[in-house]
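Here's the structure, in structure tokens; my notes come after.
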2 protein chains.
Amino acid sequence: MSPIICTVDVVLLTLHDASLHLALLKREHAPFAGVLALPGGYIHAEEDSDTRDAALRTLREKTGIGSAYLEQLETFSGPGRDPRGWSLSVAYYALVPSRLIDHESRPEVVLRPVDQLQGLPFDHPRIVEAALQRVRNKSSYSSLPVHLCGETFTLPRLQGVYEAILGEPINKVSFRRKIEELDILEAIEGQLETGKAHRPAQLYRLKKQYRQHLALTDRGLNSAG
Amino acid sequence: MSPIICTVDVVLLTLHDASLHLALLKREHAPFAGVLALPGGYIHAEEDSDTRDAALRTLREKTGIGSAYLEQLETFSGPGRDPRGWSLSVAYYALVPSRLIDHESRPEVVLRPVDQLQGLPFDHPRIVEAALQRVRNKSSYSSLPVHLCGETFTLPRLQGVYEAILGEPINKVSFRRKIEELDILEAIEGQLETGKAHRPAQLYRLKKQYRQHLALTDRGLNSAG
DNA sequence: GTCACTTAGTTGCATTATTAAACTAAGTGA
DNA sequence: TCACTTAGTTTAATAATGCAACTAAGTGAC
């Protein structure tokens with residue numbers, strides 16, 4: 001029996017111009033050489049300690065990103081998804097603040113708005129679709145979107161990130177109540193976002209224990225309003 | 001490079017004596033021959049059209065179950081989880097009404113309460129733990145538990161199933177409101193569950209379109225009460 | 001400096017959702 | 001016929017949510 005082709009693919013999402021963008025790379029080899037595709041590659045049994053590790057390595061090697069929120073999405077498989085044979089890809093999704101994407105040293109990483117994707121090879125459209133569904137759904141009841149912000153951010157900024165992901169406005173009071181309830185942020189003593197022609201906003205950061213873990217609400221964020 | 005060992009494992013859950021049980025099988029071959037383990041096996045690239053298909057085949061071959069609610073759980077991997085080498089297992093979980101487990105023709109399938117598991121081989125404890133977490137979480141905001149009931153059931157019975165999974169009582173009025181809201185059940189005209197020494201309960205069944213798909217609530221089922 | 005403007009952040013109240021308790025319904029069995 | 005048990009509904013109290021209007025605090029025009 002011919003061996004199964006084992007790969008990982010990473011749906012790397014970031015926020016650019018207040019909308020969700022996906023990171024893509026031109027494929028170097030056949031099949032689909034030259035086509036923009038998800039960063040991915042073979043699992044290296046000799047060096048990877050599991051598929052998560054393979055995804056982290058892929059992310060580092062292909063995009064230069066050393067730290068991101070990373071979570072397993074789903075495994076896609078079958079005889080038809082890769083022309084080389086029966087293949088299996090463990091898909092992960094990653095969220096990074098856009099500042100961490102270094103366009104100087106990695107000009108080959110291109111960002112595309114997630115609602116204007118076309119021509120993706122293999123079953124990458126399905127994988128991206130699944131990632132978007134997961135991220136949108138999870139954002140509606142968790143702290144997931146904070147991983148798209150940088151180290152520090154204001155509450156109005158964070159609300160904007162939620163709204164960009166969910167695609168609809170959120171009630172300000174309800175939003176602040178929920179975030180408070182999650183108890184994952186700490187105000188940075190005396191640090192305000194100045195320079196704007198209006199009242200400055202308080203800067204916050206994630207509490208240490210939530211750097212990699214998420215917090216979940218009981219009832220969701222109830223957008224609209 | 002040595003090939004990666006690709007398998008599927010199925011966490012098959014059912015309700016027995018009003019509590020969640022897991023189906024286990026004695027392993028026939030090394031490693032862990034004779035030990036009770038999750039039904040699982042190699043992916044057959046020649047015959048399986050994807051990993052879901054491999055899981056369905058495994059379920060059919062090892063337990064005789066031809067139809068169940070089946071959903072991909074997570075993929076587990078690494079060099080240490082199987083003594084034969086770097087391995088990868090796509091785990092699925094399945095829910096079946098206990099009646100579908102045919103103890104006559106399959107005496108080798110043993111049921112164990114999920115809170116009294118021990119001695120499971122490989123990383124099966126982790127897989128089962130992940131499945132339980134997923135099922136409990138998903139049950140709190142979806143129609144998932146209906147797949148543990150048979151064709152027809154009463155609302156008090158269904159509430160009992162939710163309570164068995166979630167491990168806490170649910171408010172009767174709230175429960176009925178949520179189920180009504182989900183709009184997935186239809187009362188079976190004139191069919192009541194008789195024979196009990198009290199008022200008979202209305203029998204319901206899943207609407208056709210929800211046989212395989214789930215319905216989700218906006219706000220969850222809010223147990224306790 | 002004063003004032004118009006803008007967004008940050010809060011308060012109070014109306015609306016809606018959830019829960020608890022008490023009720024009515026309808027069977028069995030003594 | 002009556003006690004008992006669980007099904008299913010009603011009512012009222014409580015809690016969560018959302019809206020509108022408020023105060024706060026900066027910038028920039030004049």
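The sequence lines fix the lettering, A, B, ..., with proteins before strands; numbering per chain opens at 1. All values derive from a computational prediction rather than experimental measurement.
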Self-check item: is_close_aromatic(A/Y204, A/F153), centroid dist under 6.0 Å
Solution: no

Quiz item: Any luck finding a side-chain donor-acceptor pair between B/Q133 and B/E129 under 3.5 Å?
Solution: no

Exercise. Identify, between A/P200 and B/R176, the residue whose nearest nucleotide on DNA chain D lies closer to the 5' end.
Key: B/R176

Quiz item: D/dT5 P sits how many Å from B/K196 NZ, rounded?
Solution: 15 Å

Practice problem: Choose from C/dT11, C/dT18, D/dT9 the nucleotide whose nearest atom is closest to any side-chain atom of B/V173. | Solution: D/dT9

Quiz prompt | Test item: side-chain donor near acceptor, A/T75 and B/T75, under 3.5 Å | solution = yes

Quiz prompt | Nearest to side-chain heavy atoms of A/Q202, which nucleotide of C/dG9, C/dA26, D/dT5 | solution = C/dG9

Exercise. Grab the CD1-P distance between A/I170 and D/dA16 for me, whole Å please.
Key: 20 Å

Exercise. Would you mind reading off the bend of the helix from C/dG1-D/dC30 to C/dA30-D/dT1 from its two end axes, five pairs each, to 10 degrees?
Key: 0°

Quiz item: On a plain distance test, is the side chain of B/K172 in donor-acceptor contact with the base of D/dG8 below 3.5 Å?
Solution: yes

Exercise. Check every atom of D/dA7, D/dG18, C/dT7 against the side chain of A/R177 and return the nucleotide holding the closest atom.
Key: D/dG18

Quiz item: More than 12 non-hydrogen atoms from neighbouring residues, nucleotides or ligands closer than 6.0 Å to CZ on B/R112, yes or no?
Solution: no

Self-check item: Euclidean distance, atom CD of residue A/E193 to atom P of D/dA25 [Å, nearest integer]
Solution: 17 Å

Practice problem: For A/L192 and D/dA24, give me the distance from atom CG to atom C1', rounded to whole Å. | Solution: 12 Å

Exercise. To the nearest Å, give me how far apart CZ (B/R199) and C1' (D/dG8) are.
Key: 5 Å

Self-check item: Side chain of A/K178 (C-beta onward), nearest among C/dT19, C/dT7, D/dT17
Solution: D/dT17

Self-check item: Side-chain N,O (A/S174) to OP1/OP2 (D/dG18) below 4.0 Å
Solution: yes

Quiz prompt | Short side-chain donor-acceptor distance under 3.5 Å, B/Y92 and B/T51 | solution = yes

Quiz item: C/dT16 P sits how many Å from B/E181 CD, rounded?
Solution: 15 Å

Quiz item: Going by atom types alone, do B/S89 and B/D9 pair a side-chain donor with an acceptor below 3.5 Å?
Solution: yes

Quiz item: What's the CG-P distance between B/L155 and D/dT6, to the nearest Å?
Solution: 17 Å

Quiz prompt | Whether B/Y69 and B/H147 hold their rings parallel, tilted or perpendicular, with breakpoints at 30° and 60° | solution = parallel

Quiz item: Which whole-number value in Å describes the distance from B/Q159 CD to C/dT19 P?
Solution: 12 Å

Quiz prompt | B/N171 side-chain proximity, nearest of C/dA20, D/dA24, D/dA7 | solution = C/dA20

